[in-house]
Amino acid sequence: MLETFIHEPSVLNMRVPNLFLGAITATLGAAVVNGKALRSSCPATHGTAADGSDSILQTGYLIGNGKLGAIPFGPPGAEKINLNVDSLWSGGPFEVENYTGGNPPSPLYDALPGIREKIFQNGTGEMQELLGSGDHYGSNRVLGNITISFDAAESYTRYERTLDLSDGVHRTKYRVGNGSAEIESFIFCSYPDQVCVYHLQSDANLPVVTVNFENVLVDQTLLRTSCKTNKDRAVLRHSGVTQAGPPEGMKYTAIAEVLDVKSTTTSCLQESRLQVSSRKKEVTIVISAETNYDQKAGNAANNWSFKGEDPEPVVDRISSGASSRGYRALLNRHIKDYQSLMGEFTLDLPDILGSSGKDTASLLESYSYDSGTGDPYLESLLFDYARHLLTSSSRPNSLPANLQGRWTESLTAAWSADYHANINLQMNYWLADQTGLAETQHALWNYMEDTWIPRGTETARLLYNASGWVVHNEMNTFGFTAMKGDAGWANYPAAAAWMMQHVWDAFDYTRDEAWLQGQGYALLKGVAAFWASSLVDDEFYNDGSLVVNPCNSPETGPTTFGCAHYQQLIVQVFESVLAAQEFVHETDVQFVADIAAALERLDTGLHFASWGGLKEWKLPERYGYDVKSTHRHLSHLVGWYPGYSISSFASGYNNVTIQNAVRETLIARGLGNAQDANAGWAKVWRAACWARLNDSTMAYAELRYAISENFVGNGLSMYWATNLPFQIDANFGLAGAVLGMLVVDLPLAAGETEARTVVLGPAIPGAWGRGRVRGLRLRGGGKVDFSWDGRGVVDSVRVVSMLKGKVRLVNVEGRVLVEG
């Protein structure tokens, strides 16, 4: 059905003219390139360049299965695989017997009334009495390298290295012996079999292959490597412990096992290296690893130990089971599983520059924001790589993706490679719901349930005398839920409230009622209970509203009350609890009534500054805080994007006054490269916010600026421009920003029954003209395919799965594409 869509004056029909309308000449079918891959004509290196430009985190291609992360690197004949296992951490109860997750030994909440009183009296204040330390916090740490060495002759030619995003297999190929022999290696990490697999093959007999484990960063007295071969198995075992004790540190074990040992000659060299010396054309090595960390043991019933069974027999069982299958079966099982996720969504953009066959590093090196144009193929490649990275770093049996996903080369990673939850952890999962990767989020729900709730319930009681549970800005794997650092960083009890948006969205996109009833609602209810018992009457304005006191807007500004960021997030938590009542069997009628009553009085966090932007603090402007700022965070826009307390519940998406204030705020914040940081995550967040304004020009400009400024030759994003440290959130956030350019799909407030409008293609740039999407998820459990014309305006849509509720699909010009 086609009809005119009538709505309020809005940017919905005020789209900024695109600068690239004349750039596309290819037709849809001819322009689209499938089977994208990262590729290089030289090996990944791990050297000592002062600027870190030869770090494997800037040159290697990343693979993983959630539990394990691997980065192949090194030249032919001296190949190595950097190996990580998700739970290998220093610190916590493995480092000190009486680890408390940062919680104090006795309650501190007696200080709260005085803190609040001073803040209401003065507008700002201090809250040092509630601060804690990060003693024994620890860090995610690398396990080590697996080295695979053999005689590849003095020189090699025609070297190719690829990571194929259609099957998740890392391949290298080159010729040796005056070009007479071709050697190939294949590396993948299998989720079904919980191993990484290295396969070497040649069209001539292979030379002797030697396998070893190495980690020169670790005290060698804490390591043990042993080799054992017999007629049935050839196993190289590497075990370690993070500290000698007391208490004994975390144990870890890795195994490298040769497949098809009965037809292969194997031997042990000095009991620490495994040698494969038969004259065969292929060799396969299976790699597995685990620790004695147990996420389910991080509670009072288990004395907060987080300690599980010895990893050696566990890894032995995994290795033996995988090895019994053989290489072809392992490969097939991996590909089937990988494609079951990656194949759920396709973004096809035109390859207008002929980029598909070129080295990825050269594409990124030549990609320049200053040129005023982009490279749709590269942009879609980075989008696909983000989905690969999430599939590879977060699966149901693993920990969630951390600040570096699942990959580190250090014993003390930047920011511990932990879980920062004032944008970073959230951004990691921006792309999951809409692109068929809902399964990757189970790691996140389990992690919160097992490590945040037990200690976070203690934190809520000891710091706030509150019900429910709470966490703050930085979390490790050992239930650290208290405050870590100074107020500007640590005073952030809104972390869990933000994460509850992900909980509700996970249900809203899948409509998995069993999951909501069994796990999701319990998470929501605990956070809602915390805020219902923590909000206070605004005694500064005495306007009858409920506000947070004390609060700090993330990483900037004063300790005050009514921070816009908090208020917007709590609106969403309360709305989600009320919306969930249709699907859950809540027996606590008073709880629901209390949430509804609190929502009625809750300050919404939507206030306007005199200069035209949105206010970050409820304080009067005379206090000097709500001035124009280029700060990296967009905290007071959280209800615009990625949230919806402003864009939907306050009708901001169709309200010119709110749109203009958001626009002025974004203009003031700048491109995301200021004195406080030059981070990629700040830029892609800006891109997504511009996309929700239907501004394709600015959204695309910001996306291109992020790629130009922060992405290096292997497709990863760095924190300080193109300099280390590596931080993965911008990789994931880039995909979220692209999705924001493809669709605006906002939930209705609880109880609303009118038809919901979904805008397809709100900010598609003309450079992406004649592209298409397959498998985009919509709220209500729907799924659609659609394509757009040369201007970037959606002109064709196919509903693959029916949506629940009344939904109208329109394009950016207001044309109704589907109504039902």
Next on the checklist: Run the side chain to side chain contact (heavy atoms under 4.5 Å, CB included) test on Asp260 and Thr284 for me, step by step, so that the C-alpha distance in whole Å, both residues' side-chain angles and the decisive distance to 0.1 Å come before the verdict.
Outcome noted: CA-CA 8 Å; Asp260 195 23; Thr284 304; over 6 Å; no
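- Side chain of Asn292 to backbone of Gly308: no donor-acceptor contact under 3.5 angstrom is found.
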Item to check | side chain to side chain contact (heavy atoms under 4.5 Å, CB included) between Leu143 and Asn84, worked out | outcome: CA-CA 5 Å; Leu143 188 146; Asn84 291 271; 5.9 Å; no
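- Using cut-offs of 30° and 60° for the angle between ring planes, the Trp89 and Phe478 rings count as perpendicular.
- Ring centroid separation for the pair Tyr419 and Tyr447 comes in under the 6.0 Å cut-off.
- In this structure, a donor-acceptor pair under 3.5 Å is absent between the side chains of Asp729 and Asn731.
- For the atom pair CG (Leu269) and SG (Cys227), the distance works out to 7.5 Å, reported to the nearest 0.5 Å.
- Of all non-hydrogen atoms in Asn710 and Ala679, the two that sit nearest each other are ND2-C, 3.7 Å.
- With salt bridges taken as basic N to acidic carboxylate O contacts below 4.0 Å, one links Asp316 and Arg233.
- Considering all non-hydrogen atoms of both residues, Phe306 and Gly479 come closest at CZ-N, 3.8 Å.
- Between the side chains of Asn422 and His420, no donor-acceptor pair is found at a separation under 3.5 Å.
- Counting heavy atoms from C-beta on, the side chains of Val211 and Ile146 come closer than 4.5 Å.
- Comment: Glu290 engages Lys67 in a salt bridge, judged by a side-chain N to carboxylate O separation of less than 4.0 angstrom.
- Looking only at side-chain heavy atoms (C-beta outward), Ile287 and Ile81 come within less than 4.5 Å of each other.
- Asn302 places no side-chain N or O within 3.5 Å of a backbone atom of Trp304 that could act as its donor or acceptor partner.
- Under the 3.5 Å distance criterion, with hydrogens and angles disregarded, no donor-acceptor pair is assigned to the side chains of Asn145 and Thr147.
- Contact check for Ile728 versus Leu403: no side-chain heavy atoms found under the 4.5 Å cut-off.
- Judged by distance alone, the side chain of Asp450 and the main-chain N or O of Lys296 form no donor-acceptor pair under 3.5 Å.
- Taking the six-membered ring where tryptophan is involved, the planes of His388 and Tyr385 are essentially parallel, since the angle between them stays under 30° and well short of 60°.
- Proximity of a side-chain donor or acceptor of Ser717 to a complementary backbone N or O of Gln727 within less than 3.5 Å is detected.
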Next on the checklist: I'd like to know whether Ser149 forms a side chain to side chain donor-acceptor pair (under 3.5 Å) with Glu79, so could you lay out the CA-CA distance, the side-chain angles of the two residues, the decisive distance to 0.1 Å, and finally the verdict.
Outcome noted: CA-CA 6 Å; Ser149 55; Glu79 294 180 282; over 6 Å; no
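- No donor-acceptor pair closer than 3.5 Å links the side chain of Ser139 to the backbone N or O of Arg141.
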Next on the checklist: Between Leu83 and Val85, does the side chain to side chain contact (heavy atoms under 4.5 Å, CB included) criterion hold? Intermediate values first, please.
Outcome noted: CA-CA 7 Å; Leu83 184 64; Val85 59; over 6 Å; no
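- Of all heavy-atom pairs between Asp232 and Asn230, the closest is N-OD1, 2.7 Å.
- A distance-only check finds no donor-acceptor pair linking the side chain of Tyr174 to the backbone of Pro75 [under 3.5 Å].
- Between the side chains of Tyr429 and Ser394, at least one donor N or O lies within less than 3.5 Å of an accepting N or O.
- Side chains of Ile71 and Leu57 form a contact here, defined as non-hydrogen atoms less than 4.5 Å apart.
- With respect to the salt-bridge test (charged N to carboxylate O, under 4.0 angstrom), the residues Glu160 and Arg39 do not qualify.
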Checklist entry - Would Thr265 and Ser277 count as a side chain to side chain donor-acceptor pair (under 3.5 Å) if you check the C-alpha gap in whole Å, the side-chain angles of each, and the deciding distance to 0.1 Å? => result CA-CA 5 Å; Thr265 303; Ser277 56; 4.9 Å; no
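- Electrostatic pairing of Asp337 and Arg395 counts as a salt bridge here, judged by a charged N lying under 4.0 Å from a carboxylate O.
- Phe480 and Tyr137 have perpendicular rings, their planes meeting at more than 60° on a 0 to 90° scale where under 30° would count as parallel.
- Ser55 and Glu409 form a side-chain donor-acceptor contact under 3.5 Å, judged by distance and modelled atom types alone.
- Salt bridge annotation for Glu555-Arg632: present, with a cationic side-chain nitrogen under 4.0 angstrom from a carboxylate oxygen.
- Between the side chain of Asp86 and the main chain of Leu399, a donor-acceptor pair closer than 3.5 Å is present.
- Looking at Leu259 and Val286, their side chains come closer than 4.5 Å, going by heavy atoms from C-beta outward.
- By the side-chain contact (heavy atoms from CB on, under 4.5 Å) test, Ser40 pairs with Cys42, Tyr61, Arg161, Asp359, sequence neighbours left out.
- Heavy atoms of other residues, nucleotides or ligands lying less than 6.0 angstrom from CD of Gln128 number more than 12.
- A salt bridge is defined here as a Lys NZ or Arg NE, NH1 or NH2 lying under 4.0 Å from an Asp or Glu carboxylate O, and Arg224 with Glu312 meets this definition.
- Side-chain N/O atoms of His199 and Gln201 include a donor and acceptor closer than 3.5 Å.
- Taking the side chain as every heavy atom from C-beta outward, Thr229 and Val235 never approach each other to under 4.5 Å.
- Judged by distance alone, the side chain of Gln58 and the main-chain N or O of Thr722 form a donor-acceptor pair under 3.5 Å.
- Under the 4.0 Å criterion applied to side-chain N and carboxylate O atoms, Lys307 and Asp294 are not assigned as salt-bridge partners.
- By the side-chain contact (heavy atoms from CB on, under 4.5 Å) test, Ile453 pairs with Thr457, Trp469, Leu523, sequence neighbours left out.
- Asn103 and Glu458 share a side-chain donor-acceptor pair at under 3.5 Å.
- Using modelled atom types, one finds a donor on one side chain and an acceptor on the other under 3.5 Å when comparing Asn678 with Glu709.
- Looking only at distances, a side-chain donor or acceptor of Thr242 sits under 3.5 Å from a matching main-chain atom of Met250.
- Counted by atom type alone, Asn303 and Ser305 present zero donor-acceptor pairs between their side chains at under 3.5 Å.
- Nearest heavy-atom pair, Leu462 versus Pro104, reported as atom, atom and distance to 0.1 Å: CD1-O, 3.5 Å.
- The backbone N or O of Leu444 lies less than 3.5 Å from no partner atom in the side chain of Gln441, so there is not a single donor-acceptor pair.
- With contacts defined as side-chain heavy-atom distances shorter than 4.5 Å, the pair Arg171/Asp164 qualifies.
- Between Tyr293 and Ser87, the shortest heavy-atom distance links the atoms CD2-CB, 3.4 Å.
- Using a cut-off of 4.0 Å between Lys/Arg side-chain N and Asp/Glu carboxylate O, Glu257 and Arg325 are scored as not salt-bridged.
- Across Leu200 and Ser185, no two heavy atoms sit closer than the pair CD1-CB, 4.0 Å.
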Checklist entry - Could you go step by step and tell me if Phe732 and Trp681 meet the side chain to side chain contact (heavy atoms under 4.5 Å, CB included) rule? => result CA-CA 9 Å; Phe732 295 136; Trp681 63 259; over 6 Å; no
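- Side-chain contact between Pro43 and Tyr156: present, with at least one pair of heavy atoms (C-beta onward) separated by less than 4.5 Å.
- A donor-acceptor contact closer than 3.5 angstrom links the side chains of Thr264 and Lys280.
- Screening residues 233-255 for ring-ring contact (aromatic ring centres under 6.0 Å, His included), with sequence neighbours left out, gives Phe213-His238.
- Counting non-hydrogen atoms of other residues, nucleotides and ligands closer than 6.0 Å to CD of Gln220 gives a total above 12.
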